[in-house]
Structure formats: C-alpha cells, structure tokens
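Worth knowing before you read on, the calculation uses all heavy atoms, side chains too, and leaves out hydrogens, waters and symmetry mates.
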Amino acid sequence: AINVLERTNGLTLCFQDWNVTWYTAHPDLTQCFQHTVLVWFPCFYLWVCAPFYCLYLRFYDNGRISLSSLCCAKTIFVSTCLSCLMVFCPVLLVCFGFLKLPMTSILTEIHCLQILAVLLIHLERLRGFRSSVFLFLFWTLAVICSLVPLRANIQAIIDEVCAFPVYPTINPCPVEDASFLSKVLFWWYGRLAVKGYRSPLQAEDLWSLREEDTSEKIICDLEKEWAKQWTKVWIKMLCFLPQTRQESALNGAQALGYKLSEQTQLLRKLHKEQISGFCLLRTLAKNFGPYFLTGTLCLVIQDAFMFSIPQVLSLLLGFVRDEDAPLWKGYLFAFLMFLLSCLQSLFNHQYMYACFTVGMRVKTAVMGLVYRKSLVINSAARRTCTVGEIVNLVSADTQKLMDFVVYFNAVWVAPIEIALCLFFLWQRLGPSALAGIATVILIFPLNGFIAKMRSKLQVQMKYMDGRIKLMNEILSGIKILKFYAWENAFRERVLGYREKELNALKKVLSCTPLCLQIAFAMFGVYVLIDEKHVLDAQKVFVSMALINILKAPLSQLPFAMSTTMQVSSKYLNAYVFIFLKKLLKITLFFFYIDGVVIDNGTFSWSKDSTPCLRRINVKVQRGSLVAVVGHVGSGKSSLLSAMLGEMEKKSGHITVSGSVAYVPQQAWIQNATLKDNILFGRERKDSWYQKVLEACALLPDLEILPARDATEIGEKGLNLSGGQKQRASLARAVYRKADVYLLDDPLSAVDAHVGQHIFEKVIGPNGVLKNKTRVLVTHGLSFLPQADLILVMEDGEITEMGSYAELLSRKNTFADFVKAFSVSERKESATNRGNGDMGSASIQTMEAISDTEQEQDQEEVGRLTQADKAHTGRVKLEMYVEYFRTIGLAFIIPVIFLYAFQQAASLAYNYWLSLWADDPVVNGTQVGTDLKLGVFGALGFAQGIAIFGTTVAISLGGIIASRHLHLDLLNNVLHSPMSFFESTPSGNLLNRFSKEIDAIDCMIPDGLKMMLGYMFKLLEVCIIVLMATPFAGVIILPLTLLYAFIQSFYVATSCQLRRLESVSRSPIYTHFNETVQGAGVIRAFGEQSRFILLANSRVDHNQTSYFPRFVATRWLAVNLEFLGNLLVLAAAILSVMGRATLSPGIVGLAVSHSLQVTGILSWIVRAWTDVENNIVSVERVKEYAETTKEAPWAIEDSPLPSDWPKSGSIGFQEYGLQYRRGLDWALKEISLSVNEREKVGIVGRTGAGKSSLALGIFRILEAAKGKIFIDGINIAEIGLHELRSRITIIPQDPVLFSGSLRMNLDPFDGYTDEEVWRALELARLKNFVSGLPDKLNHECSEGGENLSLGQRQLVCLARALLRKTKILVLDEATAAVDLETDNLIQSTIRTQFEDCTVLTIAHRLNTIMDYTRVIVMDRGHITEMDSPTNLISQRGQFYQMCREAGLV
C-alpha cells in the first residue's frame, strides 16, 4: 500500500508541481509534463484521427492536382531534412548533453509523425483537396504545445550563458577564425593594416599570440622532447655498462682494462655528440619539423609552377610565330601564364609564412632555454659566459637562427633547381647547354670558396660579442668610470673592438658571390659549333626565362651555405651555453634535527680548479646562530656559497634542512619598487610587512623616499645608499619566513648604531629570526658573544670552532685577535644597549616632502626609470638625411651613376638579344653572328663589373655610416650624467649597441642595395614593355597607382610594428641582465619559476609585434605580385592582339621581362620597407643625441696649473644639492672650509647627506646653488676630467672590470710595473697577487667575481695609492674587510696620505677618532663640527653615536 501511495505521489509531482507552476515568480510546467503530455497530445490527435480522415478522403474525390517541379523539389527537400533530423539530431543532442538517451526514442517518434503528415498532404493532392482543416488543426496544436518547451529551453540557455565567468577581453589572432581563402591570400591581416594606416598602432592594438606560439607551450613541448632525447643517450650508456661488467668478470684484469678503455671511448663519443649540437638540433627538428615540412611541400609545388611558366611562354611565342594559329589559343596561353604566376606566388608565400613562423618559434625556444640555463649554471660556467655574451646570444644570434630557418631549404633545393634548369636548357639548346653546366660547375667551387671565406671571416661576430660584453660592464660600472675619469680609456677599448669588427665586415662584404655569363657561354657555343644553329625568339627567351630562374638558386646557395656555417658557430654558442655545467644539487630535508650539516666537505669553484674549501666539518643546530669570522679571502663567503650549492663539491656530504633565505655581501636589488624588492613575489601581509620594515630600520628611509615604499629603485639600487641597499636585501630575506638564513656580512654597509639595531631586532637572540637557523658572516666582534657557535676560517679551512667563551679560553689565534681589537669594538652593558637611545636615534629622518608632492600620484612621484618609447608615424626625412650625410655626397653620386650604368648595360644587353632573335635566316644561317656575340658578351661583362662595383660601394658606404653612428652613440652615452643611467634601463642601451647597430651594419646597406637594384630593373622592364606595346601604358598607370596605394598602407603599419618590436625587445635584455646578476639570490629563494614566467611574458610581448610584421610582408607580397601578374596578363594579351605587327623577338622580350615584374615589385617594397624599418635603428640610435649631457670633460685654454691642486684645501660656499628636480634638498646651505693636509671624518644617520658631499666634490651631481673651491679655484669652471683625474675616491661599492689586474689598476698605462707592485704591497695585496700564476696579468672576471669583496676593496685602495692625489675621499671604503685589515688600511692611509687632505665617510667611528675634525650631518645640514675630543665633551649628537658604538 505504501509503495502504491509513493508511486501515486511521484506521478502527481511529475505532472503537477504547484511550487513550479503556481507558487513562483516565474511559472512553468514540469519537465515531465513538457516531455510527455505536450509532445504526445498533437501526436495522439493525428494518429487517432488519421484513419477516419483517410476514410473520408476515400469517398470524396475532387479530381487530381498535377505535381509541379516546385512541389517535387519541396517534397524531396523536406523529406531529406526530416531524415537527417531523425538520424543526426538525437545523436548530437545526446553528445552535447542537451538530451538524455531515453528521450531520443520520443524524438524518433515525432519525426515519424511528421513524415505521416507529409504523406497525408500528398494524399490530399491526389484527391483534389487544396486546403485541409484536419492538418491545420494538427500543425496549430503542434506549434502551441512546442511553445512552452521552447520558452523553457531559451531561458535555460540564457541562464547558462549568464553563469559563465567574465574573462578579460583579449585581441585574438584573426587567423584562427579565417576562412581558407583568407588564409591563402592573407586577407585576415587587412584590418590591422587599415587600422595602422588610419592612426599609428599601439601595443594594445596588436593580436595576442596563438597558444602554439607562446613561450609556455613551446618550451614545455621542447623540454618533453629534450627529456626523451637524453633518455636515449643514457639508455645507450646503460645498455653498454652491464656488458662491460660481465665480460670484465669473465676475462679478468686485462679484459677489464680493455673494456674500460672502450667504455671511455663510448663516453667520449657521446660527449662529442652532445657538444657537436646534434642532440639539440634533433630536439628542435622533432618539435618544429612537421610544420616546417608543410612549408617545404609548398616550396616544391611552387617550383613546379615556376618551371611550368617557361613552357607556356614557349607555346605563346610559337603562337605568335604561327600566323595561322587560331586566336583563342593565344588568349588561352596568356591566361594560363597568368594563372600559373598567381599560383606560384601563393605557394611561395605560404612557404615563407611557414618558415618565418618556425623561425619565430625557434627564436622563442632558444631564448627560453638560454634564460632557464642562466638561472641554473654554476659560477665556473658563469665566468666562461658573461652577461654581455648572453645578451648578444639572445639578440643578434637568435636573429641569425631565424635567417637560417628561412634559407635552410635553399641548401638542398637550389641544386635541384639548378639541375632542372640545365635539363630544360639541354632540351632547348642541346649539347650547347653543357657550356652552361661547365659555367655552373666553375661557379660552384668559386662560390663555395667565397662562402667558406665569409664563414671564416665571421670573427666579426667574436668582436661584436667582445664589444657588447665590454659595453655591459661599462654600463654596470659607469659611476666608477666617472669617479676616476676613465671614460676615454674604456671608450678606446670599445672603439678597438669596433674597428676590428668593421674590418672583418669589410672583408666579408668584399667576398661577393660570382654570377658569370651563363647566357653568353651557352648562346656562344650554340652558334659557334654549327652555322646552321639559329637563335630564334622561342629559343632565346625561353632560355632566358630559364636562366633568370637559374640566377635565384645560384645567388641563394652561397648565402644559404654562409648562413648555415655562420649559424653553426652561433648555434654551438647557444648549445655550449645550454650545456654548461649545472649547479651542484644539495640535499634538502624538511624534517631534520640539524639546520645545516657538512661532513668532510671539499669544494672548489670549478671542476678543474684547486679546492678553496678543505676538510669542512660543520653541524649547525636548528634555531641556532652561527658566526663565521676570518681575514679577507679566508673563505667565509665561499662557505655560504657551498651551503647554497653554488660550488663544485669534490668530496663529502652537505645537507640543508628546510627553505633557505640568502643575503649576499653585495646586495642585489631589482629595478622595481622598494615594496616589490622586499615582498619578492610573496603576498603582502601588512602587520608582518611593517614589523620587517621596523626591524630592518627601513621606516626612516620611507620618509626620505619620494613615494615611500612605492618609489622605484634603479638598476642595481642606483638611487639607494649602500646601507639602504643592504637593509632592503635583508628585509627581503626576513619577510620570506624561511627555515635557514645565510647572511653574508649584511651589517658591514650600515652605520654602527643601525647595525646594532638590526642585530638586536633581527639576527640576535631576541630578534624576529630568533627561532630560525642563522649563519652570519661578520667582522663585528661585538656580535660574537651572542652567537651559539663561532667558526674561525683561515685559508679555506675551519681552524677553530666553539662558543665565544670556549674560543677565548683556548687562547689561540682567535683569542689573540679579540684581545687586540676588542678595544675599538667594546660595547656597553646590556642595560645601556637596551635603554632606547638607539631606537630614538634610528628614527631621525629627513625633512618631509612638500605638500605639492604629497598631492601627486604616488606612483608618478616614485617612478625613476623611463620605459623605451616608440615613435609614431613614418620615419622622418631627417633620419635619411642624417644617414646619407654620414656617408657623404661624394660617395653617393658615383653609386647612383654606377646603378644607372649597370641598368643601361642590362637594357642594351637584352634589346640586343631581341634584335638578334629577329634577325632573318638566310640559307639556314644568320649573318654577322661573331659580331653579335662579341657585342652581347661585352655588354654582359660591363653589366657584371657594374654590379660588383655597386655592391662593394654600397657596402663600404654603409660601413662609413655605421662607424660614425656608433661613435656618436658611444660619445652621447658616455657624456650623459649619472641621472641618465639611473632613469634608463641598461637593456635599452644594450639594445642600441647590439641589435640596432647590427641593423645599421648589415640590414640598411643590404636593403639599399636591393631597393636601388630592383627600382632600376623595374624602370628597364617598363621601358621594354612600352617599347613593345605602347598601349600597355594604359595598364601600367593604374597598376602604379594601386601599387602606391597598397604600399602606403603597408609601410605605415610595418614601420610602427618595427618600432614596437624594438621597444618591446629592450625589457628582455634588461630582465636577462638583471637575472644573470642576481641568479644566486633567485636560486636561494626558489623564485626561478616566477622569473621564468616574467621572461616568458616579455618574450611573448616582443613576439606579438614581430608576428604581424612578417605577416604584413606576406600580405604585401601577395597583393603586389597579383598586380605584377596583371601586367604579365596585359603584356601577353596585347602581344596576342598585335601579333600581326609585332615581331616574335620583341614579344619574347616584353613577356619574359613582364614575368619578372611580380618578383621585382615584391622585392622593391620589401627592400624599401626593410630600409624604412631599419632606418628606425638610426632614429633610435640618434635619440640619445638630444638627452641632457654633463659638463665638458676638458676646457680648451684652461688656466688650470698642471700641478693643481697643490695644497688640497676645499671650501664650500652656501652649497646646495638636489638629486632630481622636485625632490627635497640633499644638502642645504653647506658652508665649510677644509684646510690642506687636514683629516676630516664625516658621520651621520642614513640619508643625512654624507655621500652627497662626495658626489658634489666630484660633480657627479651639479650644484643646485652655491660653489665649491679647491685651492681657490671654482670647480664648476673647469673640465670634469680635469677635476676628477686630480682627486681620488675609494668608493663604497668596489667595481672591477673584466681584463687584467693591471688594467684595473692603471687603464691608461701611466705607471711602471714597480710603481704598481709598490701600490699592491701597501694595499696588502702583494702576497696574494704574487701567488697568482699570471701575476699582474691575472684575468679578472666580469665584475671581479673571482676575487672576494674584501680583495676588491683592497684593489680600489691600490688604485688610490697609485694615483696619490692631494685630495682623497673614502666613502665607507673599509666596510667589507675584517678589523685587522681595516686597521692595516687605516695605518696605510695615515702614512701614505699624510701630506694629503682626507675626507672619510665613516661607519666605524673608531677609524676617525684621531682625525683633526669630525663633521656630523643630519637632514642635509652640518649640525656639529669640531675635533672628536671636543665633540665628545659637548655631549651632542656625535657623543650619542660614540656611546652607541661603545667608544665612550
């Protein structure tokens, strides 16, 4: 009973649910009711009533209505539709989820019912019924019953669409949805061309990349294939090893030795295979090969059409000669030639599109692989491949790879095309074609030799790599160059590389491929071997058409071979870099009792170098503080590098427990806001963020910075002081909340009181990291008592280990060292340390920024760097004038005359041939064959000489322009002030010196060569066609107008795309540069994936501009070649129409030349556009001519004495300084007099203006007001080099350049070796340098990375000792050295600079306690100034600082 009741209730709910039908704002019938009652009611009506209706029709006959064709068509159409609906509709609805499977039977029944209705209609026709009430009622019921489900379905679709998430609008690439015809003809590009013509394109107008073109997709697929290739290599090895073991066990020691040597050979073979690059090539081929092969298929089809055209031309010329041939054949041949030309054009451009697409993807792949590799290579590999070389690898070299993809097929297709041409020529000329074959055989080895010479002369690339590497170092160390007035020395080094590069380029360009007179050889042999051989129009012009085809592969083949050889070296560059040794993999444990464990570890910087860390045994307890101390170069930083896995592990084991945060000795700061530098990819948590800022003493700095933490920091922290950079670096690590902290002397660059604050608040037992594992490298003895463990290092070994008390009780080296230097580092008791003096002092800030600045948008105020901006519109005429002006009018006019002469010779050459072809045949021979052949050969020879002359002349002109433009760029950059380098990312500048200069070197001369050659050739074709058929002028004029119209669309868009592509390329170089320099920090924090995503986005952004650029070229070529083909059609039809008046020779000349128009038009605009696109490089190089320049380096007729300054006195008169207009004053109303031989210490809080004084003395920043006098001379009135070369600074950041140690000390070679050795001895570096294999010629790596920071600082001291000027400025110069070395340096300075004026900006107050005066600065003012003793007795600000430092 219960079951029956449940079934009854269920049935009721199915047909009637009041919640759905009545108690609702949107009434509806139940789904069950809709799918049953409403469907079956009209069906029930029809099935029940149909038998009665048929019976009714049986008795009533009104006569038959005839069946019309329209009625038949309707019936068949409706029946077909119903059948399709009945079969496919249910299946599709089920597949897409709109219908459940049981419902399909209902649909089938309904379709059967509709067929029944159609049958009843025909029965009514047979009985004479023109209308039917019965069927009208059925259709009405069917429509009414279907309205409710229709309304429900529409509502469901609307609800479903509204429920979809709203994604940001993107601009998808139209090729995805383009039709077949649109894809073939590139019509899908047209909308962008129109948009670019109406207004200059912006980055947001460009299409987003297709998924298959994105870095993410390409690299992901490549890495999968790469893994497969490596698996195969390892399987080869593993398959061999067991066999070795088995046979060695059976055959004993002798067999073992034999097999091991065989195994070694196998390993060497595998290694050789890797280095040769085949592994990477196979990987690239697997990924990009299939798509490339589709393009190759298009090339093969294009060749088939290309070789068909001369055959049709032969038929057309045969028609012209045969007066009885029907006219329709002529029109057929004309249209067939037009059709074949169009098809050849379409397939050719589909091939080029495929090649450029593959080239773009290969470029993305190589850039992605290089970037990923730059994140994981170890330091030894890093030294073999500098930042400049990596930047060059992803700029100029990847472009060469793309060219290789385009020309690769020419290596094997060109010989086939040459063979086919010679085969068809044999058919026309018989054995005489052998002369052509002999000529080609002669050309091949000559051109092969030339190609080989060109590839050997690619040392130009090596010099270019060296130049870019040096420029990168100059940009990185520009501040040091300006301090030391070394710009000229490094300028000469750059120009030395440049001169070698241009000389190599001259030799390459002088090796021009030969194209000997094939036509002259074949026709000459043909007419000379037999008097009966007659050159008629058909033979001549079909042969000439084949020879024109032959010229293309003959010219392409040497270039393709040269590109292949050139790319093989570049490819190996990329390959070798990609395969440079990876980092040592250290073991990471997340549940381990100790933080860091090294068991009997021996480490070196490279596999082949001697170990720099030996017998290391360390066990760092979780949550403990370990201090590492030792002299400069003892291996402290190397120990941290070993813990990070940055060194080569020779032996032992290393284990790190948990995540790692690392603070390097030299802070790495990104070109981003201060906030982004601290968060470093993590989500901001306000309370923790504020706590970190307070602990790292950054809150006072926020008050100084114009936009607080939203202030943009320049590359390498250019606009921060050394202390600020170090604290930002520390804050980044603290914010991370890692398990293990490796701190490489982070307190050296900060003031003593700030260092104490940071130790107490961050590192010490009560700091925010108190429960973390901390390994601290330090020179501060005051921090050691609070360390749980102290490691004493000497010469790469841990000599002592233990707590502070234990080490003192042992009375060894450490205890002696502490006793000797603890006086200067003595601290007050814990109560004094915690009494709050330091805290109140640490929040001293500079004056608040003005109200007007506070109202500005914070982001705008904080912005420092300027993004690379693209110009808009066509390239200005001034750029062309500037380019040609640098070449010189005396060079340009002969080039134009050479081109005119070349084309005149070509016109005469071809016209003479047509006259020869029309020469009447007398007794089976032609008269004066020898004379005709002689003139023909002479004209061809003259043409060849002119071609060679124009090629060499334009190439040399391009080199002259390039030399001047590069020199101007270099001078403009080096004369720019420091503010320019702070606001201009280095990637922008490297882009100018690499890609843009490369374009000026090669692309512009090539484009001009091509453009002038084809323009004169087009003029020749037009003259010939007009000579043959003057009526063709009616066709040529509108075609010219159309040509100009299409070209204007193209050039406007293409130029802007070139600019956008250049602009988007700069951030790639900047990001690569920044990443390589900070790779150690990125790896330590595990942020590789985030940086890879950033690199991907920058590469993809660049490709969004590049992709439409090459599509634009294809779009243009297809349209222009269609116009050219119309000219072919016009010439052919006019020749057919005028065959009665035209000779076969002139027809052959006109039609064969018109066949070249398609290629000529395409090449002209392509060359024109290449020139205009690449003249953008001139525009971008000349940009920096208008930027602000610093004062002249030297002033002519300067009254400055040669021995100035004699005494070294310095005077400031109401001196004021601003870093940027709109920012607050860094120095205010400074009036100060420093006497000769006086030693003055300058102290103050961060941002007080200490370093600003040094910048003012060296005029790195010019005075905003007031004056500085040195020996009574206003320094603003003398040249910058005159000033900077006569005074010396030891800077806070020690910068070394790649090159010899001697070059780093004396780049002008102004001192003897004895003087250099003396300076090294005084700087305590003589023993170290003497122990080096190359002594003074020891090669320093980029940035001096193969020396410790302390050693680099000592090199800077040696520079100062070598210069020995009367004024010396020390800007926190001993921050990175230990106390003992610091004392030695101070004693050296006191003795060696006793008769000099010394200004010392000091962190360690003990170093200036014996100075004659101390200046205390605060907020840009001098607040106190007197001798140290008097200032202490006054108990002012200096006294407070001395108390905090434990000196009173």
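Residues that satisfy the side chain to side chain contact (heavy atoms under 4.5 Å, CB included) test with Ser179, not counting sequence neighbours, are Leu181, Ser182. Annotation: side chain to side chain donor-acceptor pair (under 3.5 Å) contacts of Thr364 (sequence neighbours excluded): Gln1103. Here Asp213 pairs with Arg210, Arg361 under the salt bridge (Lys or Arg N to Asp or Glu O under 4.0 Å) rule; sequence neighbours left out. Gln311 is linked by a side chain to side chain contact (heavy atoms under 4.5 Å, CB included) to Phe424, Arg428, counting only residues two or more places apart in sequence or in another chain. Residues passing the side chain to side chain donor-acceptor pair (under 3.5 Å) test with Ser341: none are found, sequence neighbours excluded. Residues forming a side chain to side chain contact (heavy atoms under 4.5 Å, CB included) with Ala203 (at least two apart in sequence, or on another chain): His1101. Taking the salt bridge (Lys or Arg N to Asp or Glu O under 4.0 Å) definition, one finds that Lys217 meets it with Asp221, sequence neighbours left out. Partners of Ser215 under the side chain to side chain donor-acceptor pair (under 3.5 Å) rule, at least two apart in sequence or in another chain, are Asp1100. Not counting sequence neighbours, the partners of Leu336 by the side chain to side chain contact (heavy atoms under 4.5 Å, CB included) test are Val312, Leu340. Scanning for side chain to side chain donor-acceptor pair (under 3.5 Å) contacts around Glu225 gives Gln229, with sequence neighbours left out. In terms of the ring pair (Phe, Tyr, Trp, His ring centres under 6.0 Å) criterion, residue partners of Phe186 (sequence neighbours excluded) are, by chain and number, Tyr353.
Residues Leu201 and Leu1057 form a side-chain contact, since some pair of their non-hydrogen atoms from C-beta on lies under 4.5 Å apart. By the 4.5 Å heavy-atom criterion applied to side chains, Leu316 and Ser1135 are not counted as neighbours. Taking 4.5 Å as the limit, every side-chain heavy atom of Asn1119 sits out of range of all side-chain heavy atoms of Leu1123. Looking at heavy atoms from C-beta onward, Pro174 lies out of side-chain contact with Tyr189 at the 4.5 angstrom threshold. Looking at Trp207 and Trp188, their side chains come closer than 4.5 Å, going by heavy atoms from C-beta outward. Counting only heavy atoms from C-beta outward, the side chains of Phe1110 and Thr357 approach each other to under 4.5 Å. Side-chain contact check for Val405 versus Met360: every heavy-atom pair is 4.5 Å or farther apart.
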Donor-acceptor list for residues 289-304 side chains, cut-off 3.5 Å, not counting sequence neighbours:
unit_1: Thr294; atom_1: OG1; unit_2: Tyr291; atom_2: O; d: 2.4
unit_1: Thr296; atom_1: OG1; unit_2: Phe292; atom_2: O; d: 2.9
unit_1: Thr296; atom_1: OG1; unit_2: Asn409; atom_2: ND2; d: 3.2
unit_1: Gln302; atom_1: OE1; unit_2: Gln344; atom_2: NE2; d: 3.3

Between Tyr331 and Phe335, does a ring-ring contact (aromatic ring centres under 6.0 Å, His included) hold up when you go through it step by step?
CA-CA 6 Å; Tyr331 290 125; Phe335 277 105; 7.3 Å; no
Would you please test Leu1129 and Met337 for side chain to side chain contact (heavy atoms under 4.5 Å, CB included) and show each step?
CA-CA 7 Å; Leu1129 182 65; Met337 198 178 297; over 6 Å; no
Show your reasoning for whether side chain to side chain contact (heavy atoms under 4.5 Å, CB included) applies to Glu216 and Glu211.
CA-CA 8 Å; Glu216 184 72 28; Glu211 187 190 358; over 6 Å; no
What do the steps show when you test Asn1102 against Lys363 for side chain to side chain contact (heavy atoms under 4.5 Å, CB included), and what is the final call?
CA-CA 11 Å; Asn1102 178 244; Lys363 179 182 175 183; 3.8 Å; yes
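To the nearest 0.5 angstrom, Leu327 atom CG is 11.5 Å from Leu332 atom CG. Residue Lys195 holds its NZ atom at 9.0 Å from CG of Leu206, rounded to the nearest 0.5 Å. In this structure, Asn287 CG and Leu222 CG are separated by 5.0 Å, a value rounded to the nearest 0.5 Å. Between the CG atom in Asn1125 and the OG atom in Ser345 there is a gap of 6.0 Å [rounded to 0.5 Å]. We find the CG-CZ distance between Leu185 and Arg1114 to be 14.0 Å, quoted to the nearest 0.5 Å. In this structure, CZ on Phe338 lies 11.0 Å from CG on Leu1127, to the nearest 0.5 angstrom.
Although no hydrogens or angles enter the test, the distance criterion places no donor-acceptor pair under 3.5 Å between the side chain of Ser314 and the main chain of Pro310. With hydrogens and angles ignored, the 3.5 Å screen pairs a side-chain donor or acceptor of Asp205 with a backbone N or O of Gln202.
Closest non-hydrogen pair, Trp1115 versus Ala193, comes out as CH2-CB, 4.1 Å. Phe319 approaches Ala325 most closely through the heavy-atom pair CD1-CB, 3.6 Å. Closest approach of Ala1132 to Ala334, counting heavy atoms only: CB-CB, 3.6 Å. Contact detail for His349 and Ala1117: the closest heavy-atom pair is CE1-CB, 3.1 Å.
Residue-environment remark: CZ (Phe408) stays at or below the threshold of 12 foreign heavy atoms within 6.0 Å.
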